[in-house]
Amino acid sequence: MNLIIKLLISTIVVFVLSYFLPGVHVTSLTGALMVAVVLGLLNTFLKPILVLLTIPVTFFTLGLFLLVINAIIILICDYFIAEFYVDGFINALMFSVLLSIIQSILNKIFIDQK
C-alpha cells in the first residue's frame, strides 16, 4: 500500500512542478505517472551504479555531485518518455531538487512509519 501512495505522491508532485517550473513540461497526467514509474526504476537500478562510479568526485565535492547525478537521472527519464520534456541541465537540476524536497515532506506526512 505504501508503494502505491509513494507513486501517487510522485505523480502529483511531477505534474504540479511542471506547471511551476518553466523548463519542465509534462503533457498529461498519464505522462506524469510514467515519469514517476521510470524515475523510481532509474533510482533503484541506475543511481547506485552511478554513485559507485563517482565516489571520488562525490567525496571531493562533499556530496554535492549527487545533485548532478539526480539531474542526469531526470535527463535520462526525459529521453525515455515522450510526454516529458526538460529544456536543459539547470532545469533538470532545479526539478530534481524540488522533487526530492517535496516528496520527502509529503512521504513523512502520508506514509505510515512503523
Side-chain angles (χ1 to χ4, degrees):
M1 188 67 178
N2 285 343
L3 179 66
I4 294 172
I5 294 171
K6 284 184 181 183
L7 188 62
L8 288 174
I9 288 172
S10 297
T11 302
I12 292 168
V13 171
V14 166
F15 195 69
V16 169
L17 280 177
S18 71
Y19 280 108
F20 290 112
L21 292 176
V24 179
H25 312 284
V26 177
T27 58
S28 66
L29 195 57
T30 58
L33 178 63
M34 290 190 326
V35 168
V37 169
V38 170
L39 279 178
L41 291 173
L42 288 173
N43 283 331
T44 301
F45 295 110
L46 183 62
K47 188 175 179 179
I49 295 168
L50 290 175
V51 169
L52 186 65
L53 292 175
T54 60
I55 285 176
V57 177
T58 305
F59 178 74
F60 286 122
T61 61
L62 302 174
L64 291 177
F65 193 73
L66 293 174
L67 296 173
V68 173
I69 291 174
N70 285 341
I72 290 170
I73 298 266
I74 296 293
L75 292 173
I76 291 171
C77 187
D78 171 31
Y79 177 77
F80 284 120
I81 298 176
E83 291 90 7
F84 179 60
Y85 307 105
V86 180
D87 291 338
F89 180 79
I90 299 297
N91 291 321
L93 185 67
M94 289 176 46
F95 179 76
S96 70
V97 168
L98 289 174
L99 181 68
S100 297
I101 291 170
I102 295 170
Q103 276 182 334
S104 152
I105 292 169
L106 292 177
N107 283 339
K108 292 235 186 257
I109 293 171
F110 292 111
I111 304 281
D112 290 334
Q113 303 295 330
K114 293 181 183 179

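The structure displayed is predicted, hence computed values, not measured ones.
Note that OG1 of T61 and CG of L67 are 8.5 Å apart. Values are rounded to the nearest 0.5 Å. To the nearest 0.5 Å, the span separating OG on S10 from CD1 on I102 amounts to 11.0 Å. To the nearest 0.5 Å, atoms CZ (F95) and CG (N70) are separated by 11.5 Å. To the nearest 0.5 angstrom, L41 atom CG is 11.0 Å from F80 atom CZ. Note that CD1 of I9 and CD1 of I111 are 5.0 Å apart. Values are rounded to the nearest 0.5 Å. If you take CD1 on I69 and CD1 on I72, they are separated by 6.5 Å, rounding to the nearest 0.5 Å.
I81 and L29 fall within the same hydrophobic cluster, defined by Ile, Leu, Val, Met, Phe, Trp and Tyr side-chain heavy atoms under 4.5 Å apart, directly or through other members. With hydrophobic clusters built from ILVMFWY side chains whose heavy atoms lie under 4.5 angstrom apart, L99 shares a cluster with I101. Linking ILVMFWY side-chain heavy atoms closer than 4.5 Å, directly or via other members, places L64 and L66 in a single hydrophobic cluster. Note: the hydrophobic cluster containing F84 also contains L21 (ILVMFWY, side chain heavy atoms under 4.5 Å, direct or indirect links). L106 and I4 are assigned to two separate hydrophobic clusters, defined by single-linkage of ILVMFWY side chains at heavy-atom distances under 4.5 Å.
None of L75, V26, L93 except one satisfies the side-chain contact (heavy atoms from CB on, under 4.5 Å) rule with V86; the exception is L75. Just one of V16, V35, T30, L33 meets the side-chain contact (heavy atoms from CB on, under 4.5 Å) condition when paired with T11; it is L33.
Closest non-hydrogen pair, S28 versus E83, comes out as OG-CG, 4.4 Å. L46 and I76 get closest at one heavy-atom pair: CD2-CD1, 3.6 Å. Between I5 and F110 the shortest heavy-atom distance is CG2-CB, 4.3 Å. The two residues F89 and A71 have their closest heavy-atom pair at CE1-CB, 3.6 Å.
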**OP:** Please test I74 against L39 for side chain to side chain contact (heavy atoms under 4.5 Å, CB included), starting from the C-alpha separation and ending with a verdict.
**Re:** CA-CA 7 Å; I74 296 293; L39 279 178; 3.7 Å; yes
Subject >> side chain to side chain contact (heavy atoms under 4.5 Å, CB included) assessment of I49 paired with L53 >> reply: CA-CA 6 Å; I49 295 168; L53 292 175; 4.1 Å; yes
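Y79 OH: 12 or fewer foreign heavy atoms inside a 6.0 Å radius.
Residues L50 and I73 form a side-chain contact, since some pair of their non-hydrogen atoms from C-beta on lies under 4.5 Å apart.
A donor-acceptor pair is defined here as one N or O able to donate and one able to accept, closer than 3.5 Å; no such pair exists between the side chain of T54 and the backbone of V57.
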